[in-house]
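Inspection log for the structure reproduced underneath, given as structure tokens.
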Amino acid sequence: MVAPGPSDAQIEEIVNIAMRTPDHGKLAPWKVIAVALDQRALLAQAIKSAYLKEKPNAGRMELEGLEAMAHEAPTLLVMLSSPVASTKIPLWEQELSCGAFAMNILHATHAMGFVGGWITGWPAYNEDVRDLFGSTPEKIAGFLYIGTSNAELTERPRPELKKILSLWTPAAAE
Ligand SMILES: Cc1cc2nc3c(=O)[nH]c(=O)nc-3n(C[C@H](O)[C@H](O)[C@H](O)COP(=O)(O)O)c2cc1C
């Protein structure tokens, strides 16, 4: 993945499109935080500090992996699940809505000619890293990396359609 990524105006457009997401109760239980290129070194430092706090004996390779993760792609969007507690809408539905929102961001990204990927990994599940972007009960839903592809995209194996799609056959009718 190489430059260019979407401009600031294009990122706004992508998020505006993605906000047309199923959202029971109009809670908007999701947020997006863009990490600018000139902030990536600070992010890398903070992620590595959090990692060392949890794993003081971390090796060089592990830390280099985290460093690389913070610097990847021209555009980095941190997706935050931001559920509303004071509502009868179940948390599960709010988290599903966040996943749908993230996927809509990827769809809008691809429709505009960019490529994007959704990654989690260790930083997505660490509270100190989460605190860089939000607070309890918020969770990092993923890191969306966006840019331009410098290689032909390949398809990976997908599940067999008939294992996924079926026609309901009620037991009573059998
Ligand atoms: C919540 C979530 C977390 C993911 N985390 C990772 C990850 O940490 N590393 C990874 O290689 N793929 C991860 N994936 C899978 C990729 O997003 C993606 O499906 C995969 O790279 C293949 O891309 P494609 O489905 O567009 O072909 C994750 C997907 C989801 C939905």
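The shown structure was predicted, so the numbers you read here are calculated from the model rather than taken from an experiment. Indexing begins at 1, ligand by ligand and atom by atom, following the structure's order. The first residue in the sequence is number 1, and the count goes up from there.
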Joint hydrophobic cluster, M79 plus M103, side-chain heavy atoms closer than 4.5 Å = yes
message = As a test of reading the model: which residues have a non-hydrogen atom less than 4.0 Å away from ligand 1?
response = W118, I119, T120, G121, R156, R158
Backbone N/O of M69 and side chain of Y145: donor-acceptor pair under 3.5 Å = yes
ask   = Where the side chain of E62 meets the backbone of G59, is there a donor-acceptor pair that is under 3.5 Å apart?
value = yes
request  = Look only at the side chain of T21 and the backbone of A18, and say whether a donor-acceptor pair between them is shorter than 3.5 Å.
outcome  = yes
message = Give me each pair satisfying salt bridge (Lys or Arg N to Asp or Glu O under 4.0 Å) with a member in residues 39-52, each pair once, sequence neighbours excluded.
response = K48-E67
message = Looking only at side-chain N and O atoms, does W30 offer a donor or acceptor that is under 3.5 Å from a partner on S81?
response = no
